[in-house]
2 protein chains.
Amino acid sequence: MDQSPEIDELELAAGLGRVVSLMRSLALPRDRSMTAVSTLATLERFGPRRVTELAVFEGVTQPAMTQLVSRLEREGLAERGPLPADGRAVVVRVTTAGRAELAGRRAAQARDLAALLAGLPAGDREAIAAALPALNRLTGLTHGPGARPPADPPTSRSDG
Amino acid sequence: MDQSPEIDELELAAGLGRVVSLMRSLALPRDRSMTAVSTLATLERFGPRRVTELAVFEGVTQPAMTQLVSRLEREGLAERGPLPADGRAVVVRVTTAGRAELAGRRAAQARDLAALLAGLPAGDREAIAAALPALNRLTGLTHGPGARPPADPPTSRSDG
DNA sequence: TTCCTTATATCAGCGACTTGTATAAGTTGC
DNA sequence: GCAACTTATACAAGTCGCTGATATAAGGAA
(Lines give C-alpha, C1' and ligand atoms only; values in the text may rest on other atoms or scores of the structure.)
Protein backbone atom coordinates (compact mmCIF):
# COMPACT_ATOMS: atom_id res chain seq x y z
CA MET A 1 0.00 0.00 0.00
CA ASP A 2 1.34 3.37 -0.90
CA GLN A 3 0.63 5.01 2.39
CA SER A 4 1.02 8.70 3.00
CA PRO A 5 2.68 11.12 0.64
CA GLU A 6 5.78 9.83 2.32
CA ILE A 7 6.44 12.30 5.09
CA ASP A 8 5.31 15.63 6.45
CA GLU A 9 8.48 17.63 6.90
CA LEU A 10 6.76 20.31 8.92
CA GLU A 11 5.54 17.79 11.40
CA LEU A 12 8.94 16.15 11.42
CA ALA A 13 10.60 19.46 12.17
CA ALA A 14 8.23 20.02 15.05
CA GLY A 15 8.75 16.53 16.35
CA LEU A 16 12.53 16.68 16.13
CA GLY A 17 12.39 20.06 17.80
CA ARG A 18 10.67 18.42 20.73
CA VAL A 19 13.34 15.75 20.74
CA VAL A 20 15.87 18.53 21.11
CA SER A 21 13.99 19.90 24.08
CA LEU A 22 13.80 16.46 25.59
CA MET A 23 17.49 15.76 25.23
CA ARG A 24 18.21 19.18 26.64
CA SER A 25 16.21 18.38 29.74
CA LEU A 26 17.93 15.03 30.14
CA ALA A 27 21.58 15.06 31.12
CA LEU A 28 21.51 18.83 31.10
CA PRO A 29 24.80 19.96 29.72
CA ARG A 30 24.69 22.96 31.97
CA ASP A 31 28.17 22.14 33.15
CA ARG A 32 29.42 21.97 29.62
CA SER A 33 28.19 23.96 26.66
CA MET A 34 25.93 22.40 24.08
CA THR A 35 28.44 23.13 21.38
CA ALA A 36 31.17 21.48 23.40
CA VAL A 37 29.28 18.22 23.69
CA SER A 38 28.21 18.34 20.09
CA THR A 39 31.75 19.00 18.93
CA LEU A 40 33.17 16.13 20.92
CA ALA A 41 30.54 13.84 19.44
CA THR A 42 31.35 15.06 15.95
CA LEU A 43 35.04 14.38 16.49
CA GLU A 44 34.28 10.95 17.84
CA ARG A 45 32.03 10.07 14.96
CA PHE A 46 33.91 11.55 12.04
CA GLY A 47 37.45 11.59 13.28
CA PRO A 48 39.96 14.46 13.48
CA ARG A 49 38.84 17.70 11.87
CA ARG A 50 40.26 21.14 11.41
CA VAL A 51 39.05 24.07 13.44
CA THR A 52 37.33 25.84 10.59
CA GLU A 53 35.49 22.71 9.50
CA LEU A 54 34.28 22.14 13.01
CA ALA A 55 33.12 25.72 13.22
CA VAL A 56 31.11 25.45 10.03
CA PHE A 57 29.59 22.16 10.99
CA GLU A 58 28.62 23.25 14.48
CA GLY A 59 27.25 26.50 13.19
CA VAL A 60 29.53 28.78 15.18
CA THR A 61 32.22 31.20 14.08
CA GLN A 62 35.83 30.22 13.79
CA PRO A 63 36.95 32.24 16.83
CA ALA A 64 34.29 30.55 18.90
CA MET A 65 35.60 27.17 17.82
CA THR A 66 39.19 28.13 18.54
CA GLN A 67 38.09 29.19 22.00
CA LEU A 68 36.11 26.00 22.50
CA VAL A 69 38.96 23.77 21.35
CA SER A 70 41.25 25.57 23.78
CA ARG A 71 38.79 24.90 26.55
CA LEU A 72 38.45 21.23 25.60
CA GLU A 73 42.20 20.92 25.37
CA ARG A 74 42.72 22.51 28.76
CA GLU A 75 40.37 19.95 30.24
CA GLY A 76 42.00 17.09 28.41
CA LEU A 77 38.95 16.18 26.36
CA ALA A 78 40.48 17.05 23.01
CA GLU A 79 43.91 17.79 21.65
CA ARG A 80 45.45 19.73 18.84
CA GLY A 81 47.96 18.28 16.45
CA PRO A 82 49.83 19.55 13.42
CA LEU A 83 48.70 18.80 9.91
CA PRO A 84 51.78 17.66 8.00
CA ALA A 85 50.29 18.65 4.70
CA ASP A 86 49.56 22.21 5.81
CA GLY A 87 51.60 24.07 8.35
CA ARG A 88 48.90 26.64 9.01
CA ALA A 89 46.22 24.20 9.98
CA VAL A 90 45.73 22.13 13.09
CA VAL A 91 43.70 19.00 13.50
CA VAL A 92 41.56 18.51 16.55
CA ARG A 93 41.12 15.06 17.98
CA VAL A 94 39.02 13.73 20.83
CA THR A 95 41.06 12.13 23.59
CA THR A 96 40.32 9.03 25.60
CA ALA A 97 39.05 11.24 28.37
CA GLY A 98 36.80 12.97 25.86
CA ARG A 99 35.33 9.69 24.77
CA ALA A 100 34.81 8.74 28.38
CA GLU A 101 33.00 12.01 28.97
CA LEU A 102 30.72 11.32 26.04
CA ALA A 103 30.10 7.78 27.19
CA GLY A 104 29.23 8.90 30.68
CA ARG A 105 26.90 11.54 29.40
CA ARG A 106 25.16 9.10 27.12
CA ALA A 107 24.86 6.59 29.91
CA ALA A 108 23.08 9.16 32.04
CA GLN A 109 20.78 10.02 29.17
CA ALA A 110 20.22 6.34 28.50
CA ARG A 111 19.07 5.81 32.06
CA ASP A 112 16.53 8.59 31.77
CA LEU A 113 15.48 7.46 28.33
CA ALA A 114 14.96 3.93 29.59
CA ALA A 115 12.59 5.24 32.21
CA LEU A 116 10.65 7.19 29.61
CA LEU A 117 10.61 4.34 27.13
CA ALA A 118 9.17 2.10 29.80
CA GLY A 119 6.12 4.33 29.75
CA LEU A 120 5.52 3.80 26.06
CA PRO A 121 3.59 0.98 24.45
CA ALA A 122 5.79 -1.73 23.00
CA GLY A 123 4.79 -0.74 19.51
CA ASP A 124 6.19 2.74 20.04
CA ARG A 125 9.47 1.40 21.29
CA GLU A 126 9.69 -0.84 18.28
CA ALA A 127 8.95 2.02 15.93
CA ILE A 128 11.68 4.13 17.52
CA ALA A 129 14.16 1.28 17.44
CA ALA A 130 13.32 0.65 13.81
CA ALA A 131 13.86 4.29 12.91
CA LEU A 132 17.18 4.66 14.67
CA PRO A 133 19.38 3.47 11.79
CA ALA A 134 17.47 5.74 9.45
CA LEU A 135 17.96 8.67 11.80
CA ASN A 136 21.66 7.90 11.98
CA ARG A 137 21.88 7.97 8.23
CA LEU A 138 19.92 11.22 8.18
CA THR A 139 22.27 12.88 10.62
CA GLY A 140 25.24 11.50 8.73
CA LEU A 141 24.13 13.12 5.52
CA THR A 142 25.10 16.60 6.64
CA HIS A 143 28.70 15.60 6.46
CA GLY A 144 28.47 13.68 3.27
CA PRO A 145 28.19 16.11 0.41
CA GLY A 146 29.77 19.09 2.07
CA ALA A 147 32.74 17.93 4.06
CA ARG A 148 35.32 15.25 3.78
CA PRO A 149 37.97 14.27 6.30
CA PRO A 150 40.93 16.64 6.36
CA ALA A 151 43.50 13.98 5.69
CA ASP A 152 43.64 12.43 9.09
CA PRO A 153 47.18 12.71 10.36
CA PRO A 154 47.66 9.92 12.88
CA THR A 155 45.99 7.13 10.99
CA SER A 156 47.99 5.33 8.39
CA ARG A 157 45.41 5.69 5.71
CA SER A 158 47.48 5.51 2.58
CA ASP A 159 44.69 6.79 0.47
CA GLY A 160 45.22 9.40 -2.18
CA MET B 1 11.13 -10.28 33.99
CA ASP B 2 13.95 -9.00 31.97
CA GLN B 3 13.36 -5.61 30.52
CA SER B 4 12.99 -5.53 26.80
CA PRO B 5 16.15 -6.21 24.88
CA GLU B 6 14.12 -4.44 22.22
CA ILE B 7 16.02 -1.22 22.27
CA ASP B 8 19.53 -0.14 23.05
CA GLU B 9 19.15 3.01 25.09
CA LEU B 10 22.80 3.89 24.79
CA GLU B 11 22.60 3.81 21.06
CA LEU B 12 19.36 5.74 21.18
CA ALA B 13 20.97 8.40 23.35
CA ALA B 14 23.82 8.72 20.88
CA GLY B 15 21.43 8.83 17.93
CA LEU B 16 19.17 11.43 19.50
CA GLY B 17 22.24 13.41 20.42
CA ARG B 18 23.11 13.54 16.76
CA VAL B 19 19.58 14.64 16.01
CA VAL B 20 20.13 17.52 18.39
CA SER B 21 23.28 18.47 16.53
CA LEU B 22 21.47 18.23 13.24
CA MET B 23 18.59 20.44 14.33
CA ARG B 24 21.07 22.88 15.78
CA SER B 25 22.79 23.17 12.45
CA LEU B 26 19.50 23.63 10.63
CA ALA B 27 17.62 26.83 11.23
CA LEU B 28 20.33 27.91 13.60
CA PRO B 29 18.65 29.74 16.42
CA ARG B 30 21.61 32.01 16.71
CA ASP B 31 19.32 35.00 16.58
CA ARG B 32 17.22 33.59 19.36
CA SER B 33 18.37 31.47 22.24
CA MET B 34 17.76 27.76 22.27
CA THR B 35 15.80 28.10 25.49
CA ALA B 36 13.66 30.80 23.94
CA VAL B 37 12.62 28.62 21.04
CA SER B 38 12.10 25.63 23.25
CA THR B 39 9.99 27.64 25.67
CA LEU B 40 7.78 29.00 22.92
CA ALA B 41 7.28 25.49 21.60
CA THR B 42 6.43 24.25 25.07
CA LEU B 43 3.86 27.00 25.52
CA GLU B 44 2.37 26.23 22.16
CA ARG B 45 2.13 22.55 22.82
CA PHE B 46 1.00 22.47 26.41
CA GLY B 47 -0.73 25.80 26.79
CA PRO B 48 -0.17 28.60 29.32
CA ARG B 49 2.23 27.81 32.12
CA ARG B 50 3.62 29.61 35.12
CA VAL B 51 7.14 30.96 35.17
CA THR B 52 8.45 28.48 37.68
CA GLU B 53 7.00 25.51 35.83
CA LEU B 54 8.58 26.67 32.62
CA ALA B 55 11.90 27.10 34.37
CA VAL B 56 11.84 23.57 35.73
CA PHE B 57 10.81 22.09 32.45
CA GLU B 58 13.38 23.94 30.41
CA GLY B 59 16.06 23.19 32.93
CA VAL B 60 16.95 26.77 33.76
CA THR B 61 16.60 28.73 36.96
CA GLN B 62 13.54 30.79 37.74
CA PRO B 63 15.29 34.15 37.35
CA ALA B 64 16.51 33.05 33.96
CA MET B 65 12.96 32.22 32.95
CA THR B 66 11.64 35.52 34.27
CA GLN B 67 14.28 37.25 32.18
CA LEU B 68 13.45 35.17 29.14
CA VAL B 69 9.72 35.77 29.45
CA SER B 70 10.41 39.50 29.70
CA ARG B 71 12.43 39.29 26.51
CA LEU B 72 9.75 37.31 24.73
CA GLU B 73 7.10 39.70 25.96
CA ARG B 74 9.09 42.72 24.81
CA GLU B 75 9.25 41.19 21.35
CA GLY B 76 5.60 40.31 21.35
CA LEU B 77 6.12 36.57 21.16
CA ALA B 78 4.63 35.81 24.55
CA GLU B 79 2.56 37.60 27.11
CA ARG B 80 1.99 37.53 30.81
CA GLY B 81 -1.41 37.35 32.39
CA PRO B 82 -2.73 37.15 35.91
CA LEU B 83 -3.75 33.90 37.50
CA PRO B 84 -7.12 34.47 39.14
CA ALA B 85 -6.63 31.65 41.57
CA ASP B 86 -3.30 32.97 42.82
CA GLY B 87 -2.39 36.62 42.91
CA ARG B 88 1.33 35.94 43.20
CA ALA B 89 1.61 33.91 40.06
CA VAL B 90 1.48 34.87 36.42
CA VAL B 91 0.70 32.70 33.46
CA VAL B 92 2.75 32.96 30.32
CA ARG B 93 1.08 32.49 26.97
CA VAL B 94 2.43 32.36 23.46
CA THR B 95 1.01 35.06 21.22
CA THR B 96 -0.04 34.85 17.61
CA ALA B 97 3.28 36.39 16.66
CA GLY B 98 5.02 33.75 18.73
CA ARG B 99 3.20 30.99 16.90
CA ALA B 100 4.12 32.60 13.62
CA GLU B 101 7.75 32.70 14.66
CA LEU B 102 7.65 29.02 15.50
CA ALA B 103 5.91 28.21 12.25
CA GLY B 104 8.44 30.14 10.22
CA ARG B 105 11.33 28.49 12.00
CA ARG B 106 9.86 25.06 11.42
CA ALA B 107 9.20 25.85 7.80
CA ALA B 108 12.86 26.71 7.34
CA GLN B 109 13.90 23.52 9.08
CA ALA B 110 11.39 21.57 7.03
CA ARG B 111 12.94 22.83 3.82
CA ASP B 112 16.37 21.68 4.91
CA LEU B 113 15.01 18.42 6.21
CA ALA B 114 13.25 17.78 2.95
CA ALA B 115 16.53 18.14 1.14
CA LEU B 116 18.20 15.71 3.50
CA LEU B 117 15.34 13.24 3.40
CA ALA B 118 15.55 13.21 -0.36
CA GLY B 119 18.97 11.70 0.03
CA LEU B 120 17.67 8.78 2.05
CA PRO B 121 16.30 5.52 0.72
CA ALA B 122 12.52 5.33 0.77
CA GLY B 123 12.63 2.73 3.50
CA ASP B 124 14.43 5.12 5.80
CA ARG B 125 11.90 7.83 5.18
CA GLU B 126 9.12 5.42 5.96
CA ALA B 127 10.81 4.28 9.14
CA ILE B 128 11.20 7.87 10.31
CA ALA B 129 7.62 8.74 9.41
CA ALA B 130 6.44 5.64 11.26
CA ALA B 131 8.39 6.57 14.37
CA LEU B 132 7.24 10.17 14.51
CA PRO B 133 4.05 9.56 16.52
CA ALA B 134 6.02 7.41 18.94
CA LEU B 135 8.64 10.14 19.32
CA ASN B 136 5.90 12.64 19.99
CA ARG B 137 4.50 10.46 22.73
CA LEU B 138 8.00 10.02 24.12
CA THR B 139 8.59 13.74 24.31
CA GLY B 140 5.13 14.24 25.76
CA LEU B 141 5.87 11.92 28.65
CA THR B 142 8.13 14.36 30.41
CA HIS B 143 5.16 16.53 31.16
CA GLY B 144 2.92 13.75 32.22
CA PRO B 145 3.79 12.69 35.72
CA GLY B 146 5.46 15.84 36.92
CA ALA B 147 3.47 18.78 35.72
CA ARG B 148 -0.12 19.58 35.05
CA PRO B 149 -1.59 22.68 33.48
CA PRO B 150 -1.84 25.58 35.89
CA ALA B 151 -5.54 26.17 35.42
CA ASP B 152 -5.55 27.80 32.06
CA PRO B 153 -7.14 31.19 32.41
CA PRO B 154 -8.40 32.20 28.99
CA THR B 155 -9.96 28.96 27.83
CA SER B 156 -13.44 28.14 28.91
CA ARG B 157 -12.60 24.69 30.06
CA SER B 158 -15.33 23.76 32.48
CA ASP B 159 -13.00 21.53 34.33
CA GLY B 160 -14.15 18.98 36.82
C1' DT C 1 60.99 38.19 -2.90
C1' DT C 2 56.27 40.40 -3.15
C1' DC C 3 51.38 40.03 -3.13
C1' DC C 4 47.32 37.52 -2.28
C1' DT C 5 44.82 33.88 -0.10
C1' DT C 6 43.97 30.61 3.65
C1' DA C 7 43.99 28.99 8.60
C1' DT C 8 44.22 29.89 13.25
C1' DA C 9 44.61 32.94 17.25
C1' DT C 10 43.60 37.21 19.87
C1' DC C 11 40.72 41.28 21.46
C1' DA C 12 36.59 43.93 22.61
C1' DG C 13 31.79 43.66 23.37
C1' DC C 14 27.29 41.56 24.18
C1' DG C 15 23.75 38.35 25.43
C1' DA C 16 22.04 34.61 28.26
C1' DC C 17 22.84 32.20 32.01
C1' DT C 18 24.13 31.60 37.26
C1' DT C 19 23.67 32.66 42.52
C1' DG C 20 21.92 35.67 45.86
C1' DT C 21 18.40 38.72 47.39
C1' DA C 22 14.12 41.65 47.50
C1' DT C 23 9.15 42.34 47.12
C1' DA C 24 4.49 40.81 47.14
C1' DA C 25 0.86 37.49 47.92
C1' DG C 26 -1.07 33.42 50.19
C1' DT C 27 -1.41 30.43 54.54
C1' DT C 28 -1.43 29.13 59.35
C1' DG C 29 -1.93 29.88 64.30
C1' DC C 30 -3.32 32.41 67.91
C1' DG D 1 -6.39 40.82 62.39
C1' DC D 2 -1.48 40.53 63.18
C1' DA D 3 2.93 37.78 63.16
C1' DA D 4 5.62 34.32 61.10
C1' DC D 5 6.35 31.24 57.46
C1' DT D 6 5.98 29.71 52.70
C1' DT D 7 5.49 30.46 47.79
C1' DA D 8 5.97 33.09 43.31
C1' DT D 9 8.09 36.40 40.70
C1' DA D 10 11.37 40.17 39.92
C1' DC D 11 15.88 42.54 40.40
C1' DA D 12 21.18 42.81 40.77
C1' DA D 13 25.94 41.40 40.17
C1' DG D 14 28.93 38.28 38.12
C1' DT D 15 30.45 34.65 34.72
C1' DC D 16 30.68 32.21 30.45
C1' DG D 17 30.25 31.45 25.59
C1' DC D 18 29.17 33.65 21.62
C1' DT D 19 29.95 37.39 17.60
C1' DG D 20 32.65 40.75 14.74
C1' DA D 21 36.92 42.73 13.73
C1' DT D 22 41.67 42.11 13.46
C1' DA D 23 46.45 40.13 13.90
C1' DT D 24 49.87 36.53 12.91
C1' DA D 25 51.68 32.75 10.29
C1' DA D 26 51.93 29.70 6.34
C1' DG D 27 51.00 28.27 1.43
C1' DG D 28 50.69 29.56 -3.62
C1' DA D 29 51.33 32.47 -7.85
C1' DA D 30 54.03 35.65 -10.45
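Computed from a prediction, not measured in an experiment: that's the story for all the values here. Throughout, protein chains are lettered first and strands after them, A, B, ... in sequence-line order, and every chain is numbered starting at 1.
Using a 4.0 Å cut-off, no side-chain N or O of B:S33 falls inside it from OP1 or OP2 of C:dG15. In this model, the phosphate group of D:dT7 is not approached by any side-chain N or O of B:T52 to a distance below 4.0 Å at OP1 or OP2. Between D:dA10 and B:S70, no contact under 4.0 Å exists linking OP1 or OP2 to a side-chain N or O.
Test A:V69, A:T66, A:L68 against A:V92 for side-chain contact (heavy atoms from CB on, under 4.5 Å) and you get one pass: A:V69.
Whole-Å rounding puts the B:E73 CD to D:dA10 C1' distance at 13 Å. Across the protein-nucleic acid pair, B:M65 atom CE and C:dG15 atom C1' stand 16 Å apart, rounded to whole Å. The distance between atom CG of B:L83 and atom P of D:dT7, rounded to the nearest whole Å, is 17 Å. As rounded to whole Å, 13 Å separates atom P of D:dA10 from atom CZ of B:R71. To the nearest angstrom, C1' of D:dA10 lies 14 Å from CG of B:L68. Here D:dA8 presents its P atom at 9 Å from CD of B:E53, a figure rounded to the nearest Å. Distance B:L72 CG to C:dA16 C1': 12 Å, rounded to the nearest Å. One interatomic measurement links the two molecules: CG of A:D86 to P of C:dT8, which rounds to 8 Å at whole-angstrom precision.
Donor-acceptor pairing under 3.5 Å, judged by distance alone, is absent between the side chain of B:Q67 and the base of D:dA10. A donor N or O paired with an acceptor N or O is not found under 3.5 Å between the base of C:dT8 and the side-chain atoms of A:R88. Contact of A:Q62 with C:dA9 (side chain to base): a donor-acceptor pair of N or O atoms is detected under 3.5 Å.
Side-chain proximity of B:P63 to C:dC17, D:dT19, D:dA10: nearest is D:dA10. Out of D:dT19, C:dA9, D:dG17, the shortest distance to the side chain of A:R80 is found at C:dA9. Closest to the side chain of A:T66, out of C:dA9, C:dG20, D:dA8, is C:dA9.
B:E44 places no side-chain N or O within 3.5 Å of a backbone atom of B:V94 that could act as its donor or acceptor partner. Between the side chain of B:Q62 and the backbone N or O of B:A55 there is no donor-acceptor pair closer than 3.5 Å. Side chain of A:T42 to main chain of A:S38: a donor-acceptor pair is present (N/O by atom type, distance under 3.5 Å, no hydrogens or angles). Listed for the A:R125 side chain is a donor-acceptor partner under 3.5 Å among the backbone atoms of A:L120.
Residue A:A89 is classed as a sugar-phosphate contact, given heavy-atom separations below 4.0 Å to backbone atoms only.
The residues B:E75 and B:R32 are annotated as salt-bridged, a charged nitrogen and a carboxylate oxygen being separated by less than 4.0 angstrom.
For the atom pair CZ (A:R93) and CG (A:L77), the distance works out to 15.0 Å, reported to the nearest 0.5 Å.
The terminal axes of the helix from C:dT1-D:dA30 to C:dC30-D:dG1, fitted over 5 pairs per end, subtend an angle of 20° to the nearest 10°.
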How far apart are the C-alpha atoms of B:R18 and A:N136, what are their side-chain angles, what is the distance that settles it, and do they pass the side chain to side chain contact (heavy atoms under 4.5 Å, CB included) test? CA-CA 8 Å; B:R18 287 191 279 271; A:N136 284 337; 3.0 Å; yes

